[in-house]
Novice: 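What follows is a single structure, and I will ask about it in a moment.
In what follows, every chain begins at residue 1, and chains take the letters A, B, ... in the order their sequences are listed.
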There are 2 protein chains.
Amino acid sequence: MRKFERQKAIRKLIQQYSIDRQEDIVKLLQEQAIKVTQATVSRDVKELQLVKLPAPNGGYQYSLPAEKKLNAEKKLKKTLHDAYLSSRLHESFFLIKLLPGNGPAVASLIDQLKVKEIFGSLGDDDTVLVIAQDPRAAKEVQRMLLEMVS
Amino acid sequence: MRKFERQKAIRKLIQQYSIDRQEDIVKLLQEQAIKVTQATVSRDVKELQLVKLPAPNGGYQYSLPAEKKLNAEKKLKKTLHDAYLSSRLHESFFLIKLLPGNGPAVASLIDQLKVKEIFGSLGDDDTVLVIAQDPRAAKEVQRMLLEMVS
DNA sequence: TTATATTTTGGATAATTATACAAAGAAAAA
DNA sequence: TTTTTCTTTGTATAATTATCCAAAATATAA
């Protein structure tokens, strides 16, 4: 999906550069051959819950909502990368098989992401069950999580 | 100082209500007999480093920059309230006497506030020395900290 | 496939926020 | 005190962001 990639790119951009205008995001995306308007970026900023943070040195800067969430994502990515074995999608469920011992941590990290499509997740020793709002949402979740593995 | 009180009121307001426009802050301040324009609120928002956070349920909401800072202030207030003995101001220095054992904690909490007027602070067992940018800043700091005691 | 529903997007603009400038106010100096 | 300097504020407006609406794109159903 185009949208998800773009949002990912936006997250990367605001971490990399000091950006204080959505128009600048538009320009930087164009350099990556991603064409969008400020209107779309505004929507993305909202969905990603990015904030325009008054910087300590005067001026402003777009920023991730909380370091927490960021850290959760980093850890999840790392853990998935290390412990991921396989996964299956069925209706609203996305089931992940992991190396033994990693289930609870991964389930907890997924919860911390607070992705709106995810209703909840739970993990036993080597398995995590992610429950999405509906089958379509589950597909989104699958895409998002598999993205992290690679 | 008028400004400091107003900013304090603003902080309180955004914690109490779900506010998504600076104009609403203006209105709510008026109910407290504090008259300001949106322009001033915009400056206050910047100084307080408040952010307009996209809310999880759609919509927006002004919010404190990080819970961290808030917690630090709460703890500091509580500790000062419990352990404060006396204080003195001299040039750029503000010296606080505390019940024994509270110095390090208070110094650390003051640092966490990241008030721009404060250059740094250090504490031994029962004393904290706050070093301000200059004598005027020190007065500000004194005012702010004594405010917390009461 | 074609038709239908859903999602995403851009254009235009409304809504909101930030700031230049000048004036008022407060502090410091004389 | 008066004068000078620094800070704070409002007005007006520039700059930026959010959203309405319609079109395009995408997915789902038939």
Novice: Backbone N or O of A/A107 within a donor-acceptor pair of the A/S121 side chain at under 3.5 Å?
Specialist: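 Yes, A/S121 side chain to A/A107 backbone: donor-acceptor pair under 3.5 Å.
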
Novice: Need one value for B/T40: base, sugar-phosphate or nothing, where a base atom within 4.0 Å counts as base even if backbone is also close, heavy atoms only.
Specialist: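 Counting heavy atoms under 4.0 Å across all strands, the contact made by B/T40 is with sugar-phosphate only.
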
Novice: Compare every heavy atom of A/V128 with every heavy atom of A/G103, then report the nearest pair and how far apart it is.
Specialist: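 Minimum heavy-atom contact is O-CG2, 3.3 Å.
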
Novice: Please report the distance, rounded to the nearest Å, between CZ in A/R143 and P in D/dT26.
Specialist: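 It works out to 12 Å between those atoms.
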
Novice: Separation of A/L29 atom CG from C/dT8 atom C1', in whole Å?
Specialist: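 Nearest whole value for this atom pair: 16 Å.
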
Novice: For DNA chain C, report each stem as range with range, ordered by first number, or say none. Use Watson-Crick or G-U wobble pairs under 3.5 Å, at least 3 in a row.
Specialist: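 Listed by first number, the stems are C:1-30 with D:1-30.
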
Novice: Between C/dG25 atom C1' and B/F4 atom CZ, what is the distance in whole Å?
Specialist: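 After rounding, the reported distance stands at 20 Å.
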
Novice: Would you list the pairs meeting side chain to side chain donor-acceptor pair (under 3.5 Å) in which at least one residue belongs to residues 27-40 of chain A, sequence neighbours left out?
Specialist: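 Matches after skipping sequence neighbours: A/Q22-A/Q38.
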
Novice: So, OP1 or OP2 of C/dT17: does either fall under 4.0 Å of a side-chain N or O from B/S42?
Specialist: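 Negative; the distance criterion is not met.
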
Novice: Respond yes when some side-chain nitrogen or oxygen of A/Y60 is under 4.0 Å from OP1 or OP2 of D/dA15, and no when none is.
Specialist: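 False: A/Y60 side-chain N/O out of range (4.0 Å or more) of D/dA15 OP1/OP2.
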
Novice: Starting at CG of A/D20 and ending at P of D/dT16, how long is that distance when rounded to a whole Å?
Specialist: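 Rounded to the whole Å, the gap is 7 Å.
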
Novice: Expressed as a whole number of angstroms, how long is the span from B/K35:NZ to C/dG25:P?
Specialist: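 So the NZ-P distance, B/K35 to C/dG25, works out to 12 Å.
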
Novice: Would you please name every residue forming a side-chain hydrogen bond (donor to acceptor under 3.5 Å, both in side chains) with A/Q142, sequence neighbours left out?
Specialist: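 Here no residue qualifies.
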
Novice: Please report the shortest heavy-atom distance between A/K52 and A/D20, naming the atom on each side.
Specialist: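 Result for this residue pair: CE-O, 3.6 Å.
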
Novice: How long is the line joining CD of A/Q22 and C1' of C/dT16, in whole Å?
Specialist: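 After rounding, the reported distance stands at 12 Å.
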
Novice: In this structure, how many angstroms lie between the P atom of D/dA15 and the NZ atom of B/K52, rounded?
Specialist: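 Those two atoms, NZ and P, are 19 Å apart.
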
Novice: For A/D24, report the nucleic acid contact type (base, sugar-phosphate, nothing); a contact means any heavy atom under 4.0 Å.
Specialist: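 Since no nucleic acid heavy atom lies under 4.0 Å of A/D24, the category is nothing.
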
Novice: Between C/dT16, D/dT28, C/dC21, which nucleotide gets closest to the side-chain atoms of B/R43?
Specialist: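 Of the options given, the side chain of B/R43 lies nearest C/dC21.
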
Novice: So which nucleotide from D/dT9, C/dA12, C/dT19 ends up closest to the side chain of A/A39?
Specialist: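 Closest nucleotide to the A/A39 side chain: C/dA12.
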
Novice: Would you check if the side chain of A/D125 reaches a backbone N or O of A/G101 as a donor-acceptor pair within less than 3.5 Å?
Specialist: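 Answer holds: yes.
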
Novice: Checking contacts here: which listed nucleotide (D/dC20, C/dT16, D/dG10) is nearest the side-chain heavy atoms of B/T37?
Specialist: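 Among D/dC20, C/dT16, D/dG10, the one nearest the side chain of B/T37 is D/dG10.
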
Novice: Between C/dG10 atom P and A/I25 atom CD1, what is the distance in whole Å?
Specialist: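 Checked: the CD1 to P distance equals 14 Å.
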
Novice: Which of these passes side-chain contact (heavy atoms from CB on, under 4.5 Å) with A/R21: A/D24, A/I19, A/I25?
Specialist: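 Going through A/D24, A/I19, A/I25 one by one, the side-chain contact (heavy atoms from CB on, under 4.5 Å) with A/R21 is satisfied by A/D24 alone.
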
Novice: Side-chain N or O of A/K3 less than 4.0 angstrom from OP1 or OP2 on C/dT9?
Specialist: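 The answer is no; no side-chain N or O of A/K3 sits under 4.0 Å from OP1 or OP2.
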
Novice: Any base atoms under 4.0 Å from B/V36, or only sugar-phosphate, or nothing? Heavy atoms, all strands.
Specialist: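 It contacts sugar-phosphate atoms only.
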
Novice: Would one find a side-chain N or O of B/K46 under 4.0 angstrom from OP1 or OP2 of C/dT19?
Specialist: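 Yes, because at least one side-chain N or O of B/K46 sits under 4.0 Å from OP1 or OP2 of C/dT19.
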
Novice: Side-chain N or O of B/Q38 less than 4.0 angstrom from OP1 or OP2 on D/dT11?
Specialist: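 B/Q38 to D/dT11 OP1/OP2: no side-chain N or O under 4.0 Å.
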
Novice: Should B/R6 be listed as having a side-chain N or O under 4.0 Å from OP1 or OP2 of D/dT9?
Specialist: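 B/R6 to D/dT9 OP1/OP2: side-chain N or O found under 4.0 Å.
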
Novice: State plainly whether one hydrophobic cluster holds both B/F4 and B/V130, where clusters connect Ile, Leu, Val, Met, Phe, Trp and Tyr through side-chain heavy atoms under 4.5 angstrom apart.
Specialist: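 The answer is yes; both residues are in one hydrophobic cluster.
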
